[in-house]
Trainee: 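Structure in structure tokens, see below.
This structure is a prediction, so every number in the text was calculated from the model and none was measured. If you read the sequence from its start, that first residue is 1, and numbering goes on from there. Atoms within each ligand, like the ligands themselves, are counted from 1 in listed order.
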Amino acid sequence: MKQRKGVFLSLCAIFVIAAGIFIVSAVTSDSQQAKLSASAGQIAQERGLSPADISAALKTYVPTGKYDDYLMFSSGGHSGQVLVIGVPSMRLLKVIAAFTPEPWQGFATGAKESGDLLDGANMPLGTNRELRWADTHHPALSETNGDYDGQFLFINDKANARIAVIDLRDFETKQIIKSPNMISDHGSTFVTPNTEYVIEGSQYAAPIPFSDYAPIEQYQEKYRGLIGFYKFNRAKGRIDMASSFQIEIPPYWQDLCDAGKKVSEGWLFCGSLNTEMATGGFGDGKPPFEAGVSQKDMDYLHVVNWKKAEAVVAAGKAKMISGIKVIPLQTAIDEGLLYFIPEPKSPHGADVSPDGNYIVISGKLDTHATIFGFDKIQKAIANKTFEGKDVFGVPILDFNAVKAAQLEIGLGPLHTQFDDKGNAYTSVFIESTMAKWTLGEPYNSGEKAWKLVEKIPIHYNIGHLVCAEGDTVSPDGKYCVSLNKWAIDRFTPVGPLHPQNFQLIDISGEKMQLLYDMPIGIGEPHYVQMIKADKLNPWLVYPEVGFNTITMSVDPKAAKSGSEGIVRNGNNVDVYMTAIRSHFNPEHIKVKQGDNVKIHITSIERARDATHGFAIDGYNVNLSLEPGEASTVEFVADKPGVYPFYCTEFCSALHLEMAGYLLVEPNQ
Ligand code: RUQ
Ligand code: CUA
């Protein structure tokens with residue numbers, strides 16, 4: 001043991017010195033190099049770093065002023081936000097407010113634009129009950145020809161079946177839709193290869209629309225699932241409900257989806273659970289959901305021909321329900337839009353290979369990855385190789401006829417991503433590993449095909465995983481990140497609510513190497529996508545002064561430099577204000593109790609990073625003004641008194657002086 005330790009230490013020292021020399025050689029003289037490498041060795045020894053630790057540190061360290069190669073867009077889980085993280089440094093770059101107010105961005109704290117955005121998706125529908133959180137699960141970057149194009153990001157709210165649209169020119173939320181008819185979703189968001197549609201599969205079945213009451217005893221007759229195809233208008237940067245549609249499907253609990261690509265473009269694959277149609281009800285002597293939902297060995301992978309569905313809608317065969325066209329289940333069956341494939345055992349995850357031919361399915365209670373071939377699916381449909389129909393009449397394709405392979409990879413596989421060398425990577429939840437395995441033709445043939453290559457332990461309970469562009473037509477390889485539900489002993493304890501743990505893994509070499517643990521201290525991220533950073537081209541300041549960030553154009557009503565002032569019309573008061581280092585103009589806003597006040601503020605800054613904020617004490621207002629941005633605050637001055645307003649960003653040496661007074665004169 002002692003001897004092994006000695007060998008280990010000297011190996012370590014060699015490694016450190018080599019690494020040290022490598023690092024400093026570019027910038028320092030020989031004697032400085034010697035000093036620095038000796039001290040690097042000492043640091044490693046003092047900190048007890050192994051050679052693996054040192055190589056991990058060297059692979060992840062990004063020096064000051066240098067940028068990351070990749071960006072990850074991570075769901076913020078029940079924080080209702082999106083996290084932007086650099087890879088390999090794992091530095092958190094931004095928290096995008098998607099559904100949840102976020103004071104730093106001034107999102108929905110008094111700013112009219114963001115308030116309208118969130119109010120449009122209040123629940124229950126048609127009420128004013130504010131909905132200010134979400135359970136975000138699956139971010140989806142917009143795609144062109146099956147590849148990320150860096151223009152837009154979509155993310156779902158599982159809890160209320162909503163979708164947020166984020167424009168990657170300014171990394172801000174532009175639209176939130178409440179999906180018609182659907183009360184919860186899970187298979188969302190996913191996009192078709194040219195972002196024609198943003199896809200949303202419902203999760204827990206309910207009547208259509210969900211607000212139509214039906215007793216749970218009528219589950220099979222009245223409850224249904226839905227898959228929504230929401231048309232994305234790229235020029236407008238908005239989902240267009242008028243050109244969108246949904247397909248009614250049986251009341252199974254639809255799970256994750258993935259759009260076909262290349263050879264399978266035009267098709268969609270969604271897993272499901274609860275084909276038992278269990279309704280729970282433990283207290284009434286019925287099996288609990290836990291048992292009822294996993295009675296059968298197989299559930300159904302839903303295979304949907306969305307190209308054909310589009311034509312069916314165009315032919316007028318859909319019904320209008322709650323303002324959206326819905327293809328009835330019977331029509332979907334008659335028109336050949338919907339097929340099922342048996343999938344084992346408590347399925348989760350449906351992931352299409354980069355060439356579009358393989359659909360990988362995992363079962364939470366299985367030990368296999370099951371792979372279906374799109375070519376075989378097509379043949380089975382054409383030849384009607386069915387093993388039967390479900391109770392609603394949906395044809396079930398013969399499992400063996402469509403199976404391409406089945407591979408033992410470990411207990412509790414969930415999600416699969418791909419690299420650029422014909423490998424697949426699957427998260428294995430129950431045994432806390434990430435498994436690397438090979439795909440078949442055309443990637444690998446003979447002995448090399450469909451082989452488990454290696455497994456790496458994960459700490460702990462890996463849910464999704466992401467590899468660089470690993471769900472596109474051209475994955476990059478290089479890195480994967482495991483998105484772990486539990487962290488238990490990985491970090492300094494911070495109370496009973498533990499952070500989640502992202503583990504960065506280098507997949508570029510012969511063996512996978514764990515590089516870095518990143519705690520996520522807000523919400524439970526579900527899915528993440530990782531994009532090459534140079535595909536993004538965000539604005540550094542808004543292109544013109546007076547820019548409305550919702551219309552993404554200059555607002556003709558924006559306050560302008562030189563024409564600041566206060567305009568009164570009865571009890572409507574419009575304030576035209578500009579902001580620049582280090583003052584607001586005007587500095588006094590005098591109104592009367594009961595006035596409707598609108599403050600139109602424009603940042604006339606043009607310098608990068610010269611951000612101002614605008615908060616009114618006591619009036620629940622805080623917005624952020626990036627250079628060029630114009631925004632509006634709207635409120636009723638119902639409380640008399642003296643309310644200072646000030647800039648919430650330390651913008652200059654005279655930032656504290658960037659302030660003013662809202663004076664609300666009482667009515668007698
Ligand atoms: S899934 S529980 Cu993405 Cu594995 Cu939501
Ligand atoms: Cu502007 Cu502080």
Trainee: Going by atom types alone, do His415 and His464 pair a side-chain donor with an acceptor below 3.5 Å?
Mentor: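 A pair is found: one side chain offers a donor N or O, the other an acceptor, under 3.5 Å apart.
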Trainee: Begin from the C-alpha positions of Glu408 and Thr367 and carry the test side chain to side chain donor-acceptor pair (under 3.5 Å) through to its verdict.
Mentor: CA-CA 6 Å; Glu408 175 108 27; Thr367 55; 3.2 Å; yes
Trainee: Can you tell me how the ring of Tyr527 sits relative to the ring of His138, calling it parallel under 30°, perpendicular over 60° and tilted otherwise?
Mentor: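 Because their plane-to-plane angle lies in the 30° to 60° range, the rings of Tyr527 and His138 count as tilted.
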Trainee: So which residues, sorted by chain and number, lie with a heavy atom under 4.0 Å of ligand 1?
Mentor: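 Shell around ligand 1 (4.0 Å, heavy atoms): His137, His138, His186, Leu256, His348, His415, His464, His526.
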Trainee: Over 60° means perpendicular and under 30° means parallel, so classify the ring planes of Tyr70 and Tyr479, tilted if in between.
Mentor: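 Judged by the thresholds at 30° and 60°, the geometry between Tyr479 and Tyr70 is perpendicular.
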Trainee: Within 2.8 Å of atom 1 (Cu) of ligand 2, is there any N, O or S atom belonging to Ser582?
Mentor: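 For Ser582, the answer is no, given that no N, O or S atom comes within less than 2.8 Å of atom 1 (Cu) of ligand 2.
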Trainee: Is Asp157 salt-bridged to Arg162, going by a charged N under 4.0 Å from an acidic O?
Mentor: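 Yes, Asp157 and Arg162 are salt-bridged.
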Trainee: Any N/O/S atom, backbone or side chain, of Cys651 lying under 2.8 Å from atom 1 (Cu) of ligand 2?
Mentor: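 Checking atom 1 (Cu) of ligand 2 against Cys651, an N, O or S atom does fall under 2.8 Å.
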Trainee: I'd like the atom name of the N/O/S atom in His612 lying closest to atom 1 (Cu) of ligand 2.
Mentor: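 Nearest N/O/S atom of His612: ND1.
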Trainee: To check you understand the geometry: which heavy-atom pair defines the closest contact between Thr611 and Pro627, and what is its length?
Mentor: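 Smallest heavy-atom distance, with atoms named: OG1-CD, 4.2 Å.
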Trainee: Determine whether more than 12 heavy atoms belonging to other residues, nucleotides or ligands lie under 6.0 Å from atom CZ of Phe289.
Mentor: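 Buried by this count: over 12 neighbours within 6.0 Å.
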